[in-house]
Amino acid sequence: MTGAVIAAVIAVIVAGYWVARLWRFLSRQWFLRVAVLFLSGWRKNEPPGRGRRAAQRCGGTAAAVVLLAAWMVSPQVTGRAVLGLAAAAAVLGGWWVWRWVWQFRHRRTWLRPTHLATHDIAQVDRRRPPQEWITATVDSAGAVRKAVFELPPGWPAEAQDERRLVAAASAKLGIEGPKVEWRRAGPAPLLTLTHSPPPPGHVKLADVLDEMARCGPDELLIGVGKDGAIVRASLATDSPHIAISMGTGAGKSNLAGFLLLQMLIRGGIGQVLDAKRRLSYPWLLKDMDRNVVQLPNVAYAWTAAQIHASMEWLGTDELDRRGDVAFAGMDTRGKVHANVGARLFTIAEELNLAVPRLKEFWVENRTSDDPVKSPAFTGLAGGAFAGRQVYMHLVLLGQMLTAEVTGSKDSSVREQCGITLMARYRERGWRLMCGDVPMPSPPTELGRVQVVTAGGTRVAQVPEIDPEMARQMVLDGIISPLPHNMPCQPARPRQPVTVTGAPMLNGASDLRAETAPVTPPRGPVGLKAAVDEGLLHPGTTLGALRMARHRKNFPPRAGKRGSEYLYDPVELAAWDVGRR
């Protein structure tokens, strides 16, 4: 027994000695070390995916060995096979390169930013390739329609983390109000984000009258969004200026006209620069009998000379006047207490057409003492940079609002428009207008736009204007006089304007006319008399009545006294009770 133990010890010592010598020999062979590390899929810092790399490397090495052995056995047959494989590899390689380039752009645009924004919440290794756990499906325009997130096994799936993950992912993927689906069963949770149902396909002006009445003095109603939500923008917090970039026939003029209408019925004044020679907003200029009766609170320029003079007046005379008044009424904190005048809403229609004509006009008419740059563009830039505190707002419209279209050498004028409304765009146009904001799918319905502000991107269906109704709403609202030196005012002499009615929207209640009770009439009454005499609910205002009278269910007219329509007081009271 003792001899067997001694023999075993000696055998182990001898084997260990030769193993040590063999290990010492192998450790000096650098090629073997590199080969082992290569075939095992090793990489510095040990990123995920070592098993997959090892399988690829071992398989490629084995294929090379088999190919070499086959060539040694039969060189001719192997050569033909190699040529066939090379041709197939060339076709496959071309396809692979194209797919890799597409996937690279896809990863760079969508997957990588989303991965960086969500990997901490999802508890995914930052070094892990995004495509291993994020799948995004895009449409023909390159916008994401659906995204799937394969979360790691054992993810806690707490309600707060789920909300954070959905918010961060939808913001990076440009999916507004996504439809969220969770699969929590099983070892690995699965999150799917898809676009929620779109806004209604068509909205009329009469459908949003109540919502218009709820807007504040600095708010503009853009349209109806997803799930019936009302989409608004603020001239105070979002931006005092608006950029509208759409293709031909997408509804630019309807949208700009709807925004202008809201300003006019609140007591604002309008200035329209229409390079399409009065074809954009006929309801501002003509009545239903085709007579030219320009609205008294709108100046309309349509020739190159008129547009040039209006833009020059905007940034010199009016901006300077309002600035002086604002400074005189400004306190130490910078708050303006003076009345600089009614809000001035300037619509610069189709700048892609107007700017070349303005440049040509200035070249033909400037003298040697005039500056090389047209003062019209200087005026436009002045309104963009200095108009916020003096209630001057610009709406710039164009198919592609490049720097040249805005009359500047850079994009500084366009960048003052913090409210951007887009439709019928491509990736290049979106990047030009919105920068790094994730691009959603381009709207396909007529009148549907993407509303881009600092708060994010929202889709909205813009109400279709009823021109006759819009014109009457302006005439029934608060009509502010135009400045005496403003170009392109109505041709007829303007009479002094008297405000005879209450404002139609919130925010201007201090302009309500004084009223006094009178004996209730026995016959038909006007809307103002019905409110003044208490025939209706105390919460019913004259502004609400004037908006509601354009609806189909409003009581019919019972007569007319001068320019005021009369209504049966019983029917009016019954209608007011029935709508509450």
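- Counting heavy atoms from C-beta on, the side chains of I269 and P483 come closer than 4.5 Å.
- Here the side chain of H241 pairs no donor or acceptor atom with the backbone of Q416 at under 3.5 angstrom.
- Within the 4.5 Å cutoff, no side-chain heavy atoms of S245 are placed close to those of Y425.
- Rounding to the nearest 0.5 angstrom, the gap separating the CZ atom in R414 from the CG atom in L432 is 4.0 Å.
- Between the OG1 atom of T540 and the CG atom of L527 there is a distance of 11.0 Å, given to the nearest 0.5 Å.
- Smallest separation of non-hydrogen atoms from V390 and R322: O-NH1, 2.9 Å.
- Residue L401 comes nearest to A243 through the heavy atom pair CD1-CB, 3.9 Å, listed as atom of the first residue, atom of the second, then distance.
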Pair E219, R266 - check salt bridge (Lys or Arg N to Asp or Glu O under 4.0 Å), show working.
CA-CA 11 Å; E219 286 185 321; R266 294 175 186 170; over 6 Å; no
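- By the 6.0 Å and 45° rule, R471 does not stack over the aromatic ring of W283.
- In this structure a side-chain-to-backbone donor-acceptor pair under 3.5 Å is missing from R431 to R426.
- W430 contributes a side-chain N or O that, together with a main-chain N or O of V437, makes up a donor-acceptor pair within less than 3.5 Å.
- Nearest heavy-atom pair, H308 versus S374, reported as atom, atom and distance to 0.1 Å: NE2-OG, 2.7 Å.
- Without hydrogens or angle criteria, Q461 side chain to L446 main chain gives a donor-acceptor distance under 3.5 Å.
- No side-chain donor-acceptor contact under 3.5 Å links W110 to the backbone of K172.
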Between E312 and T316, is the side-chain hydrogen bond (donor to acceptor under 3.5 Å, both in side chains) condition met? List the steps.
CA-CA 6 Å; E312 185 176 358; T316 54; 5.4 Å; no
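- To the nearest 0.5 Å, atom CG of residue L295 and atom CG of residue L264 are 7.0 Å apart.
- With hydrogens and angles disregarded, no donor-acceptor distance shorter than 3.5 Å links the side chain of T453 to the backbone of G418.
- When atom types are taken as modelled, the side chain of D287 and the backbone of R290 share a donor-acceptor pair closer than 3.5 angstrom.
- Contact between A256 and L397 at its shortest, heavy atoms only, is CB-CD2, 3.8 Å.
- In this structure the side chain of L284 reaches within 4.5 angstrom of the side chain of L260, judged on heavy atoms.
- By the 6.0 Å contact criterion, CD on E468 is open, its count of non-hydrogen atoms from other residues, nucleotides or ligands being 12 or less.
- For K226, the NZ atom counts as densely surrounded, since its 6.0 Å shell holds more than 12 non-hydrogen atoms of other residues, nucleotides or ligands.
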When you look at M246 and R424, which way does the side chain to side chain contact (heavy atoms under 4.5 Å, CB included) test go after all the steps?
CA-CA 6 Å; M246 302 180 184; R424 292 191 182 176; 5.5 Å; no
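- Counting non-hydrogen atoms of neighbouring residues, nucleotides and ligands closer than 6.0 angstrom, the CG atom of D436 reaches no more than 12 such neighbours.
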Step by step, work out the side chain to side chain contact (heavy atoms under 4.5 Å, CB included) result for R232 and R214.
CA-CA 11 Å; R232 296 182 176 90; R214 296 188 182 98; 4.2 Å; yes
Could you give me the CA-CA distance, side-chain angles and deciding distance for Y567 and R557, then say whether side chain to side chain contact (heavy atoms under 4.5 Å, CB included) is met?
CA-CA 5 Å; Y567 299 86; R557 297 166 182 171; 3.7 Å; yes
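- R357 has no carboxylate O lying under 4.0 Å from a charged side-chain N of E360, or vice versa, which leaves the two without a salt bridge.
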Report the C-alpha distance between T303 and F361 in whole Å, list the side-chain angles of each, state the deciding distance to 0.1 Å, and finish with yes or no for side chain to side chain contact (heavy atoms under 4.5 Å, CB included).
CA-CA 10 Å; T303 66; F361 171 83; over 6 Å; no
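- At a threshold of 4.5 Å between non-hydrogen side-chain atoms, the residues I265 and R546 do not count as touching.
- Sequence neighbours left out, not one pair with a member in residues 368-384 passes salt bridge (charged side-chain N to carboxylate O under 4.0 Å, His left out).
- Side-chain contact between K276 and L353 is present, with at least one heavy-atom pair separated by less than 4.5 Å.
- Looking at I244, V405, L380 one by one, the single match for side-chain contact (heavy atoms from CB on, under 4.5 Å) with L396 turns out to be L380.
- Within 6.0 Å of CZ on F385 lie more than 12 heavy atoms contributed by other residues, nucleotides or ligands.
- For D227 (side chain) and A229 (main-chain N/O), no donor-acceptor pair under 3.5 Å exists by modelled atom type.
- Residues A250 and A423 share a closest heavy-atom pair of CB-CB, 4.5 Å.
- Note that CG of L482 is 4.5 Å distant from CD of Q489, once rounded to the nearest 0.5 Å.
- Residue Q306 qualifies as enclosed at atom CD: its count of foreign heavy atoms under 6.0 Å is above 12.
- Between Y565 and P524 the shortest side-chain heavy-atom distance does not fall below 4.5 Å.
- In this structure the side chain of S280 reaches within 4.5 angstrom of the side chain of Y300, judged on heavy atoms.
- Atom-to-atom distance recorded for D207:CG and H202:NE2 is 8.5 Å, nearest 0.5 angstrom.
- Atoms CD and CE, from E318 and M486 in turn, are 7.5 Å apart once rounded to the nearest 0.5 Å.
- Side-chain contact between I419 and L220: absent, with no pair of heavy atoms (C-beta onward) separated by less than 4.5 Å.
- For the pair D331 (side chain) and R333 (backbone), a donor-acceptor distance under 3.5 Å is present.
- Contact detail for N297 and S480: the closest heavy-atom pair is CB-O, 3.5 Å.
- A donor-acceptor pair is defined here as one N or O able to donate and one able to accept, closer than 3.5 Å; such a pair exists between the side chain of H393 and the backbone of P240.
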